[in-house]
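Side-chain atoms are counted along with the backbone in the values below, which use heavy atoms only and exclude waters and symmetry mates. Convention: sequence-line order gives letters A, B, ...; per-chain numbering from 1.
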2 protein chains.
Amino acid sequence: MPSIVEVAKRAGVSIATVSNVIRGTKRVSPALQERVQLAIRDLDYYPNELARSLKVKQTRMLVMVLPDITNPFFPEIIRGAEDCAFQRGYFLMTANTDEQIGRERRIVSALRSYRVDGILLASAPGKDISHIESVLRAGLSIVCLDRTVSGIETDAVLLDNVRGAQECVRHLIQAGYRRIAIITGPLKLLTGRERLRGYGDALREADIEPDPALIFEGDFREDSGYRLSKEMLRRRRKPSAIFVCNGVMTLGVLKALEETGMLCPNDIALATFDDLMLDHSFHPHLTTVVQPSYEIGARAATILIDRIEGKLPKEPLVVRIAPTLIVRESTRPRRP
Amino acid sequence: MPSIVEVAKRAGVSIATVSNVIRGTKRVSPALQERVQLAIRDLDYYPNELARSLKVKQTRMLVMVLPDITNPFFPEIIRGAEDCAFQRGYFLMTANTDEQIGRERRIVSALRSYRVDGILLASAPGKDISHIESVLRAGLSIVCLDRTVSGIETDAVLLDNVRGAQECVRHLIQAGYRRIAIITGPLKLLTGRERLRGYGDALREADIEPDPALIFEGDFREDSGYRLSKEMLRRRRKPSAIFVCNGVMTLGVLKALEETGMLCPNDIALATFDDLMLDHSFHPHLTTVVQPSYEIGARAATILIDRIEGKLPKEPLVVRIAPTLIVRESTRPRRP
DNA sequence: ATCAACGATTTAATCGTTTAAAATACTGTA
DNA sequence: TACAGTATTTTAAACGATTAAATCGTTGAT
């Protein structure tokens, strides 16, 4: 790999001149520009970003750290962030923690050593968050995504979970359902707690006292959706509707329904978070709280870059994005 | 961010000593080791990987460049590669090209400037592949994944597409289907062509002449599955089975089936590539050619790292991974 | 003709590491 | 006590860029 000195030599100029024509920092005469460009072509020269970053102390590199890349909810977020980053001259990549706080630590440490300019983080649950604290103290910018890291104040882009859940459950109630079960996310996750809160709010609003026997704590993975709904369908007093707090768990619920031979919405109604692609294939179509994923990603990247470039006031900025409720057949109004 | 000189100062030693205790390159006395470690703790020092990489000319950074992060086929590949990379002391991230060769160019160029050690590439289709050629000439290692870049010789990990398709179609024939339609991938992609070939092979093997009217070229996206199957179901002479060449297109096919009111497998049989999660929710369960995605990723990363470390002979290494056919209800044997 | 003023170019210091080579400290032996 | 031979530590030169400061040429005014 040729370096700037080889380009300079070949063009018969100093390395400063080469640098200036590449970056356009200073005027250089057309004649020299020409020669330098030619040398660059000839040698197939690509500036060494490591050296540049070392000198100017910024890498223009952003990384999104995600807990579970197999959750189809995330890819659109990536695209939104990527597009935004590119527009503003940054480069975005993705890393994956598998919901393990240990891996998250490792990755964040590595990113710190690589001196990336900023991190978009959907943190894995866990109590030891010292890696985040220390990286923040070191001056790296972090924007939280989808979930916050509890006990830490940063910029964040979050869904308005309470409202999303509330509207959805409210809709179920209006459609005539009363015994509404919920399969929540992990309650150590903000997302999990907030959606549960929205559920409770909607019930109380309609003077229904939330029944602890109808609240099932899942973990956002398919299997917990399967297990928990299996369990609830085994009970004598079954719910008339289930509200599932994310799309992946819903896959498990569908499997359980099928196995128990229950039909939706006649035997039981179903509403869910996250619009996976399965609304096309599963019959009936599911009533869903849809998150504007692309927008969430784009928004988070915007804030991150603004923060990096010092365009934001000191106080952490927390943005809540509104979800949309899409009503489909799986919650058809109940015949009285 | 403190640098090595600050650590050295605080510990009262030279920077060389600090470097030596961090990297363990040379013996240093326990006393000094102690002092240095302490200084590192106190200052919360993280070595600057940019400086290190600049000096030693390697970054230990690998990047997987994917065409479509929303295709659920890829995430497991990422995990396989990630695990392998980590084990061997590398760091892996992901970038996304959105199937646009232009974006791929940009990303690959950026990676080149960042001096990453290697790239795992599932290339976007396109004729201008000069960016790949030039990056290879520069000595960067690339392992192709899922698809090759036509006209270029590199290491590659590919599915045995011909065999996968062939076995699947053979199974359809044995189950009594004769008019078997195929929805292929884009034929400019190796994957697309090979699966079509397997389809043809299986038919001819059974003395059935492939009927051009039953061959539909899709693009691996959901919409093409929908459109093409809509079209084929409008025909007077319908096929008795459809073989769909990837999972995402199958979602479209299912939607079309539902809209036209056709039932599977009674009205039409269905077999597909890629086990998306939908086998739980869609009834009946689909006969599927399953790719061992995790293994593909792990294998590709292994080869990449071996190549980087010079453990491989010069000739490009091309590995074919065998898929597995899982027979489910969607291809139930036909009643004669 | 002289010289100030300006524009174009080069020189050289710097970023934070690694690592050969030099310097220093320590050991045991004669 | 002196010294060879190690073991440990330090010095200093890279790596490949950026950029302030110095230098070099031109112009144009006097």
Side-chain angles (χ1 to χ4, degrees), chain A residues 1-37 39-40 43-61 89 109-117 138-140, chain B residues 1-37 39-40 43-61 109-110 112-117 138-140:
Chain A
M1 294 245 198
S3 80
I4 199 174
V5 312
E6 290 156 77
V7 175
K9 228 170 257 167
R10 181 173 248 266
V13 299
S14 74
I15 61 170
T17 300
V18 176
S19 176
N20 283 324
V21 354
I22 291 171
R23 325 210 58 241
T25 21
K26 273 188 177 174
R27 264 205 63 71
V28 357
S29 69
L32 288 199
Q33 284 208 32
E34 192 53 43
R35 268 157 58 195
V36 169
Q37 293 290 10
I40 289 178
L43 294 171
D44 198 21
Y45 165 74
Y46 279 70
N48 185 325
E49 184 66 27
L50 297 173
R52 175 179 180 279
S53 295
L54 177 61
K55 181 77 225 252
V56 305
K57 291 170 186 304
Q58 52 144 299
T59 52
R60 309 224 119 209
M61 190 161 127
S109 299
L111 297 180
R112 182 172 180 178
S113 275
Y114 284 122
R115 300 295 194 261
V116 302
D117 284 350
L140 224 164
Chain B
M1 295 245 198
S3 82
I4 200 172
V5 311
E6 290 156 78
V7 175
K9 227 169 259 166
R10 181 173 248 266
V13 298
S14 75
I15 60 171
T17 300
V18 177
S19 177
N20 283 325
V21 354
I22 292 172
R23 325 210 59 238
T25 20
K26 271 188 178 175
R27 262 204 62 72
V28 359
S29 69
L32 288 200
Q33 284 207 32
E34 192 52 42
R35 268 157 57 195
V36 170
Q37 294 291 10
I40 289 179
L43 295 171
D44 199 21
Y45 164 74
Y46 280 70
N48 186 324
E49 183 66 25
L50 297 172
R52 176 178 179 279
S53 296
L54 177 61
K55 182 77 227 254
V56 306
K57 293 170 185 304
Q58 51 144 301
T59 52
R60 309 225 119 207
M61 189 161 128
S109 299
R112 182 172 181 177
S113 276
Y114 284 122
R115 299 296 194 263
V116 302
D117 285 349
L140 224 165

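Between C:dA8 and A:R27, a contact under 4.0 Å exists linking OP1 or OP2 to a side-chain N or O. A sub-4.0 Å separation between OP1 or OP2 of D:dA17 and a side-chain N or O of A:Y45 is present. Contact between the side-chain N/O atoms of A:K57 and the OP1/OP2 oxygens of C:dG16 is found at a separation under 4.0 Å.
Using a 4.5 Å heavy-atom threshold, the side chains of B:Q33 and B:R27 count as separate. Residues A:R115 and B:Y46 meet the side-chain proximity criterion, which asks for heavy atoms closer than 4.5 Å. With a 4.5 Å cut-off on side-chain heavy atoms, B:R52 and B:R23 count as touching. The closest side-chain heavy-atom distance from B:I4 to B:S19 is below 4.5 Å. The side-chain heavy atoms of B:L43 and B:R10, taken from C-beta on, include a pair separated by under 4.5 Å.
Put simply, the side chain of B:D117 gets close to the backbone of B:T59: a donor and an acceptor are under 3.5 Å apart. Of the possible donor and acceptor atoms, one in the side chain of B:S113 sits under 3.5 Å from a partner among the backbone N and O of A:P47. Checking side-chain atoms of A:Q37 against main-chain N and O of A:E34 turns up no donor-acceptor pair under 3.5 Å. The backbone N or O of B:E49 lies less than 3.5 Å from a partner atom in the side chain of B:S53, making a donor-acceptor pair.
Taking every side-chain heavy atom of B:S29 into account, D:dT9 is the closest of D:dT9, C:dA13, C:dT17. Candidate nucleotides D:dG16, C:dT17, C:dT18 were compared by shortest atom distance to the side chain of A:L54, and D:dG16 ranks first.
A straight line from CZ of B:R115 to P of D:dG16 spans 8 Å, rounded to a whole angstrom. Rounded to an integer number of Å, the gap from CD1 of B:I4 to C1' of D:dT10 is 13 Å. Rounded to an integer number of Å, the gap from B:L32 CG to C:dT24 P is 17 Å. Rounded to an integer number of Å, the gap from CD1 of B:I40 to P of C:dT17 is 10 Å. Atom-to-atom, NZ of B:K9 to P of C:dT17 comes out at 13 Å; the value is rounded to the nearest Å. Put simply, CD on A:Q33 is 9 Å from P on C:dT9, counting in whole angstrom units. Regarding A:N48, its CG atom lies at a distance of 16 Å from the P atom of C:dT17, rounded to whole Å.
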Taking only N/O atoms, report every protein-nucleotides 22-25 of chain D pair under 3.5 Å with atom names and distance.
none

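Looking at residues 12-25 of chain A, you'll see A:V13, A:S14, A:A16, A:T17 sit with a heavy atom under 4.0 Å from some atom of DNA chain C.
Looking at A:K55, its side chain comes within 3.5 Å of the base of D:dT18 through a donor and an acceptor atom.
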